[in-house]
Amino acid sequence: MLNFIYWPISWVLWAYHKLFGAIISPDSGMAWALSIIMLTVTIRALLVKPMVNQMRSMRRMQEMQPRMQEIRTKYKNDQQKMAEETQKLYKEMGTNPLASCLVPLVQMPVFIGLFHVLRSFNRTGTGPGALGLSVEENRNIANYAFSPDDVRSFLDADFFGVPLSAYMSMPEDAFAAFTGVDELTRAHIIAVCLPLVILSATFTHLNARMSIQRQQARRAAGKVNTPQGDNAQMMDQQMQMMNKMMLWFLPAMILFTGFVWHVGLLFYSLSNNIWTFFQTRIVYAKMDKEEEEEEAAKREAQRASAPQVGARTVDKRTKKQRKQGK
């Protein structure tokens with residue numbers, strides 16, 4: 001059903017594995033891990049411009065909140081007029097509320113596709129997504145772009161002794177698919193996976209905190225106007241609720257669902273969050289610099305247009321107009 005997602009993901013991952021396999025070793029866990037990380041980097045590099053546009057759009061959305069509130073108050077009994085005026089404001093400010101949805105909409109299919117492709121390397125056992133194949137069948141059937149040799153290579157690759165397609169809640173009858181891993185236990189898998197889950201949740205929290213702290217700093221500096229009017233308290237409560245969800249709910253979701261994430265998928269999540277952390281810092285610094293330059297240009301324009309103290313005022317009226325007192 002989602003082959004249009006699974007095949008491209010598998011081909012990109014395959015290409016990077018061939019590259020790093022030629023440099024390190026095709027069966028190396030590091031080669032496979034680097035392939036997953038570079039898949040993440042490729043996706044995020046393609047999304048840099050949309051991400052920057054999203055962050056700039058969010059800044060404009062904050063700046064236009066007072067005017068949005070005025071429109072809601074003025075046209076609260078005319079929904080059509082409210083929608084028209086809101087669209088005019090979006091056009092005037094050069095922003096699009098849907099811009100903030102583009103990056104998550106692209107990343108979600110990538111996450112789902114990678115999750116499925118990595119899980120499909122091991123189709124033994126009877127757990128969720130498993131096909132109940134025998135160990136021999138599983139090791140001799142291709143997985144999307146990956147040949148049977150690639151499947152065997154992935155199954156035999158490990159990170160600190162744990163296969164890259166292993167996950168904390170994996171059924172024990174699926175352990176048999178791996179060779180070259182002596183005495184694999186659930187405790188061993190948890191010891192490798194849990195720190196990756198915690199790190200990923202931590203960076204998710206830090207990314208949210210960075211965004212919220214900047215928002216609060218801009219409001220304290222008067223760069224973002226506080227909503228006024230009857231709905232101001234409700235809007236403020238909604239904002240606080242969203243901030244709490246970003247700070248705590250999203251990291252908690254990673255912690256609570258981490259037991260079904262493969263080692264390889266955890267590499268994707270962690271590298272994605274680390275990329276977001278540094279990209280956000282760089283973009284915020286760039287946006288702050290742009291904002292300072294814009295404010296400096298406005299101040300300079302005001303100084304240039306203001307009348308100079310002690311300057312002689314030129315009366316441009318005609319002689320006839322002066323006599324008539326006009």
[atom1]-[atom2] distance between [X] and [Y], expressed to the nearest 0.5 angstrom:
X: Tyr167; Y: Cys193; atom1: OH; atom2: SG; value: 11.0 Å
X: Met82; Y: Gln87; atom1: CE; atom2: CD; value: 13.0 Å
X: Asn143; Y: Asp150; atom1: CG; atom2: CG; value: 9.5 Å

side-chain hydrogen bond (donor to acceptor under 3.5 Å, both in side chains) involving Ser25 - partner list, sequence neighbours excluded
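For Ser25, no residue satisfies side-chain hydrogen bond (donor to acceptor under 3.5 Å, both in side chains) once neighbours in sequence are set aside.
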Using a strict 4.0 Å threshold on nitrogen-to-oxygen distance, state whether [X] and [Y] make a salt bridge.
X: Arg139; Y: Asp156; result: yes
X: Lys81; Y: Glu85; result: yes
X: Asp288; Y: Arg214; result: yes
X: Glu292; Y: Lys289; result: no

Counting only N and O atoms by type, is there a donor-acceptor contact under 3.5 Å from the side chain of His188 to the main-chain atoms of Phe160?
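At least one qualifying donor-acceptor pair exists.
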Donor-acceptor pair, Ser10 side chain versus Trp7 backbone, under 3.5 Å?
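Looks like yes, one N/O pair under 3.5 Å.
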Closest approach of Phe203 and Leu270, non-hydrogen atoms and distance?
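Heavy-atom minimum between the residues: CD1-CD1, 4.1 Å.
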Are there more than 12 heavy atoms of other residues, nucleotides or ligands under 6.0 Å from atom [atom1] of [X]?
X: Glu136; atom1: CD; value: no
X: Glu172; atom1: CD; value: no
X: Phe256; atom1: CZ; value: no

Do Val135 and Val151 belong together in a cluster built from hydrophobic side chains that touch within less than 4.5 Å?
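Hydrophobic grouping puts Val135 apart from Val151.
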If we count only N and O atoms by modelled type, under 3.5 Å, do the side chains of [X] and [Y] hold a donor and an acceptor together?
X: Ser153; Y: Asp27; value: yes
X: Ser120; Y: Tyr6; value: no
X: Ser271; Y: Arg44; value: no

Intermediate values then yes/no, ring pair (Phe, Tyr, Trp, His ring centres under 6.0 Å), Tyr144 and His116
CA-CA 11 Å; Tyr144 295 99; His116 178 79; 5.6 Å; yes
In the hydrophobic clustering that connects Ile, Leu, Val, Met, Phe, Trp and Tyr at side-chain heavy-atom distances below 4.5 Å, which members other than Met245 occupy its cluster, ordered by chain and number?
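Listed partners: Met242, Phe249, Leu250, Met253.
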Shared-cluster residues of Leu105, by chain and number - hydrophobic side chains joined below 4.5 Å:
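Under the 4.5 Å side-chain rule, Leu105 groups with nothing.
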How are the rings of Tyr268 and Phe111 set to each other: parallel, tilted or perpendicular (split at 30° and 60°)?
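Judged by the thresholds at 30° and 60°, the geometry between Tyr268 and Phe111 is tilted.
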Taking the six-membered ring for Trp, are Phe146 and Phe121 parallel (under 30°), tilted (30 to 60°) or perpendicular (over 60°)?
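Phe146 and Phe121: tilted rings.
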Ring pair (Phe, Tyr, Trp, His ring centres under 6.0 Å) contacts in which one or both residues fall within residues 47-70, not counting sequence neighbours:
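Listed by first then second residue: nothing to list.
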Which residues pass the ring pair (Phe, Tyr, Trp, His ring centres under 6.0 Å) test with His205, sequence neighbours left out?
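His205 satisfies ring pair (Phe, Tyr, Trp, His ring centres under 6.0 Å) with Trp248 only.
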What residues, two or more places apart in sequence or in another chain, satisfy ring pair (Phe, Tyr, Trp, His ring centres under 6.0 Å) together with Phe20?
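Phe20 satisfies ring pair (Phe, Tyr, Trp, His ring centres under 6.0 Å) with no other residue.
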Answer yes or no for Arg186 and Phe175: cation-pi contact, defined as NZ/CZ to six-membered ring centre under 6.0 Å and angle to ring axis within 45°.
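No.
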Test salt bridge (Lys or Arg N to Asp or Glu O under 4.0 Å) on Lys286 and Glu290 and set out the steps.
CA-CA 6 Å; Lys286 180 178 176 61; Glu290 290 175 354; 3.7 Å; yes
Begin from the C-alpha positions of His262 and Phe115 and carry the test ring pair (Phe, Tyr, Trp, His ring centres under 6.0 Å) through to its verdict.
CA-CA 8 Å; His262 319 90; Phe115 180 88; 5.1 Å; yes
